[in-house]
*Asks:* 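A single structure is presented below for examination.
Both counts, for ligands and for their atoms, begin at 1 and track the order of listing.
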Amino acid sequence: MSLIDLFHKLRRFVHPYRLLVVATLFLTLVGAFTAQVNAWILRYAVDSISAIINHGQGLKAGYTVLITITCILLGKEVLNTFVQFGQKYFGERLRILVAQDLAQAMIEKILTYRVTFYTDNDNEAGRLQTRIDRGIASLTRLVQIFFIEILPLFANSIIALIMMFYANFYVGLIGLCIIPIYFYVTHRQALKLGSWRRKQRDYRETKSQGIISIIESIMVIKSFNREQLESTKQLTLQKELTDNQMKTRHISFVFDGIKSFIEQFGVVLIIILTAFLVLNGQMTIGAIMFHILLFSNVSAPIRQLHRIYDEMNDGLIYAESYFQILEADNEAEPSGQYINKNLKGLFELKQVNFTYPNGKQALHDINMRIEPNKITALVGLSGAGKSTLINLLDKFYTPDSGQIYLDGVDLAEYDTHFLRENIGLVLQRNHIFNGTIEENIRYGNPNADFDTVVDAAKKAFIHDQIMLLPEQYQSKALELSGGQQQRIAIARMFIKNPPIIFLDEPTASLDAIATEQIKNSLDAIKKDRTVIIISHSISQIIDSDYIYVMKDGRLMEGGTHEELYEQNGTYSEIFNAMARSLNIDKITDKIGKIQNK
Ligand code: ADP
């Protein structure tokens, strides 16, 4: 991305605050003029004082000079204080407001992205966060540079340069020559540093991803005693990062030295030339100080320009990533227009194939009919494609080929927001947000009153346990056990009250009693709804009205428990394995003995 592109992209973020920009620019321009005052005053002071001395006059004659100098310098400083305050305050205000808008724009945008965006390896949580955070920091810095700093710096330099030419053409020429040389060296430096900086970005991202993954897997790391292994992994990464940092510093220091030399060389030239002109009688002695100060007014902003140039190049790298994420329009979730107020919930899948972005084909030629008012169970070994199928029905992914119809209308034509409003999804591991139990349940319906929240908790058989907690519904939901959190998620679905319900192993992390209770309440809500349940629980499978059996992404069989069992196919194989794992023989034996007593 070029600087011009970036400037255009940033304009829309700065536009609402253009008055701030104008105010700051005005103040900085005033500042640029006041910055030249010292040079003039110094020349005036040196010339006037040496004239007084040459004329053999004493301190008395110098009073006017001293008073004039004091008044002008103090007046300038007072003005400068206001100018600098205004400049900093408005500039900072602009920076903070733009940062806020950039962050919000990003959040609003990524929320609209498809699930595949988040599952992409390049977008792991840590990487994405580093990229966004640094992007925003860089961009706000760029806003400051583009809209607040560059122009005044140029103004400062140009005004000083004009004054140098005004003083003497050759003196001006030296000032003028320094600028392109400085620019050239700075440009070379930036080119040399560019690739190293990019590498540094990658290292930083990987490093923060590494720390996140350590935190997430801390129990596993500890239980396997792999602290040393993890630490070595991080050390290798850290070493690469350090080498890279040293290399960038090395390049920077070399170029900084060259630039410093060029500047000092300029000062020497100015002194020699002015001294020559003074000795030649073309100028007064005050000109030496005058020219040196003007030259430093030309070079000081240019020296900053190099810092800005560096920051801009640094910023560009992250700004580029920020806009890549913000403008990933192909990641936007597709949505149709269709809304059906009387959704029945009949799903039909016709020759559906689906491949994950990493190339793994998870569904092959699926034909299925999922009836409303019934519980349909998806059965199959782990990895068979059951969750993938549900993800397709929820429009998290779109099939490669084939069609999915809901009440006879292609799912693609449905308004995605409307569709999800009508689907309740309970996963094996549900996300509980940082907040109270009440807030977490109400997430299912933000308009629900407290009684409705309690009602939903009762249906999910969690109310009694909540009431035992010291802060009851105001307790932190994240402090609940896995099984309790699961029931909060089920309550969340009850409060949403959707006509279509997908349950992906909803009771896998629940104890036997809770499973039994949840089963009852799920039975109660299946009326007038479409319920699809993925389950490894024999009782849930037997209780469902229709069963589809999947294996390696293919649909093997479909029917009721009795029908399928008699077929002696995949279902009976899985069912028998489940029964054996439960040790059904011993259980029935035991129950038989108890009953015979
Ligand atoms: P099930 O729910 O039956 O256990 P899944 O639908 O989760 O199976 O997975 C089906 C296949 O798709 C598996 O081989 C799994 O590895 C693969 N898979 C699942 N999720 C992803 C993903 N996000 N990216 C790539 N492959 C995936």
*Asks:* Checking side-chain contact (heavy atoms from CB on, under 4.5 Å) against Leu419, which of Asn340, Leu406, Ile339 comes through?
*Replies:*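 When Asn340, Leu406, Ile339 are each tested with Leu419, the side-chain contact (heavy atoms from CB on, under 4.5 Å) holds only for Leu406.
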*Asks:* My understanding is that we take every heavy atom of each candidate and find the minimum distance to atom 4 (O) of ligand 1. Doing that for Gly383, Pro357, Gly380, which one comes out nearest?
*Replies:*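 When every heavy atom of Gly383, Pro357, Gly380 is considered, Gly383 comes closest to atom 4 (O) of ligand 1.
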*Asks:* Note the single closest protein heavy atom to atom 14 (O) of ligand 1, along with its residue, its atom name and the distance in Å.
*Replies:*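 I find the closest protein heavy atom is Lys360 CE, 3.0 Å.
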*Asks:* For atom 27 (C) of ligand 1, state whether the nearest protein heavy atom is under 4.0 Å away.
*Replies:*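 Given the 4.0 Å cut-off, atom 27 (C) of ligand 1 counts as touching protein heavy atoms.
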*Asks:* Check whether any protein heavy atom sits under 4.0 Å from atom 16 (O) of ligand 1.
*Replies:*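 Given the 4.0 Å cut-off, atom 16 (O) of ligand 1 does not count as touching protein heavy atoms.
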*Asks:* Tell me which protein heavy atom sits closest to atom 9 (O) of ligand 1, plus the residue, atom name and distance to 0.1 Å.
*Replies:*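 Answer, as residue, atom name and distance: Thr388 OG1, 3.7 Å.
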*Asks:* Minimum distance, heavy atoms only, to atom 2 (O) of ligand 1: which one of Gly553, Ala362, Ser387 is it?
*Replies:*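 Closest candidate by heavy-atom distance is Ser387.
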*Asks:* Can you tell which of Leu503, Ile390, Leu389, Ile541 makes a side-chain contact (heavy atoms from CB on, under 4.5 Å) with Ile534?
*Replies:*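 One option only clears the test, and that one is Ile390.
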*Asks:* Check the side chains of Asp449 and Thr452 for a donor-acceptor pair under 3.5 angstrom, ignoring hydrogens and angles.
*Replies:*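 Thr452 vs Asp449: donor-acceptor pair found between side chains.
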*Asks:* Show the nearest heavy-atom pair for residues Ala456 and Ala491, with the distance to one decimal.
*Replies:*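 Looking at all heavy atoms of both residues, the closest pair is CB-O, 3.5 Å.
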*Asks:* For Lys386, which part has a heavy atom under 4.0 Å from ligand 1: side chain, backbone, both, or neither?
*Replies:*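 Both backbone and side chain.
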*Asks:* Look at atom 18 (N) of ligand 1 and say which protein heavy atom is nearest, naming residue and atom and giving the distance to 0.1 Å.
*Replies:*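 Nearest protein contact, heavy atoms only, for atom 18 (N) of ligand 1 is Tyr356 CE1, 3.2 Å.
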*Asks:* With a 4.5 Å heavy-atom cut-off, do Asn353 and Leu363 have their side chains touching?
*Replies:*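 Counting from C-beta outward, Asn353 and Leu363 never come under 4.5 Å.
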